[in-house]
Amino acid sequence: MLDLEHKLKQGFNGELRFNEPMSEHTSLKIGGPAEVMAFPEDPLSLRNILFVAKEEGLAVHVFGGGTNLLVSDKGIKGLAISLKAFGSIEAVHSRTSSATESADEESEEQDVTLFVGSGVPLAKLINYARKNGYTGLEALTGIPGLMGGAVYMNAGSFGTEMKDVIVSVAIMSKEGHLIILEKDKLNFAYRTSGLPDDSLILSANISLKKDEPEAIEKRIKEYMAKKKDAHPLGGLSAGCIFRNPEGNYAGRLIDNASCKGMKQGNVEVSTVHANYFINQGGASCSDFIKLMNSVREKVRQSSGIMLEPEIHIVGEV
Ligand SMILES: Cc1cc2nc3c(=O)[nH]c(=O)nc-3n(C[C@H](O)[C@H](O)[C@H](O)COP(=O)(O)OP(=O)(O)OC[C@H]3O[C@@H](n4cnc5c(N)ncnc54)[C@H](O)[C@@H]3O)c2cc1C
């Protein structure tokens, strides 16, 4: 281990933690230790540890806020990477758009392009946009996690998805190559960016429009109220567990299969929103998986539909 630590530290700015409990890095508070967890502070440090990981045959797992993840009780073999230090937001371009010219010669819209580091919490980005009078993100209010995770998952709610604002995404491959992908080179779809599995998102450029901060704030409050009404935001969860099947809602199917309130160990199917499973304290990944399997089977029996997980499962289960 000492030899590995020595190699990982070469040309590396940031923190390295060994046997790091992943339960401290997931919203579910579930997950055994990662062999090594690295918090690089710049792209060069990231590239250097990726080289060591390759040389040493270490599997690489990248984490955002851990709000869509279920990590094995056995933990993670290899290297877990957090890019939370990649936390800057900068306006890179602002222009007056002609979008409204034909409708109304008087009114002018301003587009802005923001550079957003993958470690920026989505909530912080939405707040930045509100303060500066940029609209486009309000419907994503209440989605936890970081920018990198939101882009990778194409996070969305109330009809808006990350892809609606993306201009381009900067990634580093696990080989250490830096690549900028324009939006038309990405295959965004429901809860996926279509990025190759070996992509580490460093940042994204997004395009927003100018609006009055008060109007933006009003919409944020409305979306937050709607989300609070329908989702158990207070408990330890990972958001929706299963993907919505085409033309249906996983939550509705789970509810119709009478699974609300079902329990396995300390994990419960939420009584507020059936597609949320809540860790009631000290729950294990294996109980979580057992409950997922029981719910899937009950839904299959009642509707003939086999639900597919939306959460990402990491490590051996
Ligand atoms: C209470 C609650 C409410 C939620 N509501 C919603 C909702 O309304 N809509 C919605 O879409 N989701 C929702 N979610 C799920 C989750 O918050 C989103 O999917 C979020 O965007 C995930 O971001 P994260 O940073 O936590 O990613 P993580 O959970 O850390 O990772 C998710 C996936 O993205 C990958 N990833 C993360 N960062 C990077 C990176 N920099 N480069 C490459 N890959 C990366 C990970 O490897 C993993 O496969 C909710 C979750 C909770 C707990």
Side-chain angles (χ1 to χ4, degrees), residues 22 25-31 34 37 39-40 43 46 50 59-71 76 79-87 116-126 137-164 169-174 179 181 186 188-204 223-224 226-228 230-244 250-251 270 272-273 275-279 309-315:
M22 293 313 297
H25 300 278
T26 57
S27 54
L28 273 170
K29 303 282 174 237
I30 290 176
M37 187 159 191
F39 301 80
L46 173 62
L50 288 173
V60 171
H61 308 269
V62 60
F63 282 77
T67 64
N68 205 44
L69 290 177
L70 177 62
V71 178
I76 298 176
L79 181 63
I81 296 180
S82 164
L83 299 180
K84 70 177 182 190
F86 292 48
V116 187
S118 63
V120 174
L122 197 58
K124 183 176 171 190
L125 174 62
I126 293 171
L137 296 168
E138 296 91 306
L140 305 181
T141 299
I143 303 181
L146 309 183
M147 182 66 177
V151 173
Y152 189 82
M153 295 300 301
N154 187 24
S157 61
F158 304 116
T160 297
E161 293 176 312
M162 274 315 294
K163 73 167 172 47
D164 300 330
V169 178
I171 61 167
M172 187 176 280
S173 71
K174 285 183 183 160
I179 305 160
L181 293 165
L186 295 160
F188 281 111
Y190 169 59
R191 296 300 167 265
T192 172
S193 51
L195 280 166
D197 278 348
D198 78 338
S199 312
L200 288 91
I201 299 166
L202 305 185
S203 64
Y223 282 121
M224 198 61 211
K226 275 203 226 175
K227 200 160 164 80
K228 273 188 181 153
H231 300 255
L233 298 184
L236 301 179
S237 83
C240 289
I241 300 304
F242 294 105
R243 295 165 65 84
N244 289 328
S270 166
V272 179
H273 187 308
N275 203 13
Y276 276 57
F277 291 12
I278 309 293
N279 173 3
E310 178 172 317
I311 52 164
H312 288 203
I313 300 168
V314 187

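One is the number of the first residue; the rest follow in order along the sequence. All figures in this text were calculated on a predicted structure; none of them were measured in a lab. For ligands, and for the atoms within them, numbers begin at 1 and follow the listed sequence.
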Just to verify, what does V314 make a side chain to side chain contact (heavy atoms under 4.5 Å, CB included) with, not counting sequence neighbours? H61, L69, V71, I76
With sequence neighbours excluded, what pairs up with V60 under the side chain to side chain contact (heavy atoms under 4.5 Å, CB included) test? L50, A53, L79, I81, K174
Does a sphere of radius 6.0 Å around NZ in K124 hold more than 12 heavy atoms from other residues, nucleotides or ligands, not counting ones at 6.0 Å or beyond? no
Can you list every pair where an N/O of ligand 1 is under 3.5 Å from an N/O on the protein?
| residue | atom | partner | partner atom | Å |
| --- | --- | --- | --- | --- |
| ligand 1 | 5 (N) | K227 | NZ | 3.0 |
| ligand 1 | 8 (O) | K227 | NZ | 2.7 |
| ligand 1 | 9 (N) | G156 | O | 2.7 |
| ligand 1 | 11 (O) | G156 | N | 3.0 |
| ligand 1 | 11 (O) | G156 | O | 3.4 |
| ligand 1 | 11 (O) | R191 | NE | 3.2 |
| ligand 1 | 17 (O) | T67 | OG1 | 2.7 |
| ligand 1 | 17 (O) | P144 | O | 3.2 |
| ligand 1 | 25 (O) | G65 | N | 2.7 |
| ligand 1 | 25 (O) | L146 | N | 2.9 |
| ligand 1 | 26 (O) | G65 | N | 3.2 |
| ligand 1 | 26 (O) | G66 | N | 3.2 |
| ligand 1 | 26 (O) | T67 | N | 2.9 |
| ligand 1 | 26 (O) | T67 | OG1 | 2.6 |
| ligand 1 | 29 (O) | T67 | N | 3.1 |
| ligand 1 | 29 (O) | N68 | N | 2.8 |
| ligand 1 | 30 (O) | G64 | N | 2.7 |
| ligand 1 | 30 (O) | G65 | N | 3.4 |
| ligand 1 | 30 (O) | G66 | N | 2.8 |
| ligand 1 | 38 (N) | G149 | N | 3.4 |
| ligand 1 | 41 (N) | I201 | O | 3.1 |
| ligand 1 | 42 (N) | I201 | N | 2.8 |
| ligand 1 | 47 (O) | V62 | O | 2.7 |
| ligand 1 | 49 (O) | H312 | ND1 | 2.6 |

Between L70 and L28, which heavy-atom pair has the shortest distance, and what is it? CD1-CD1, 3.9 Å
Would you give me the side-chain donor-acceptor pairs under 3.5 Å for residues 138-148, sequence neighbours excluded?
| residue | atom | partner | partner atom | Å |
| --- | --- | --- | --- | --- |
| E138 | OE1 | T135 | OG1 | 3.2 |
| E138 | OE1 | G136 | N | 2.8 |
| E138 | OE2 | T135 | OG1 | 2.6 |
| E138 | OE2 | R219 | NE | 3.0 |
| E138 | OE2 | R219 | NH2 | 2.8 |
| T141 | OG1 | E138 | O | 2.5 |

Geometric class of the F39/H25 ring pair [parallel <30°, tilted 30-60°, perpendicular >60°]: tilted
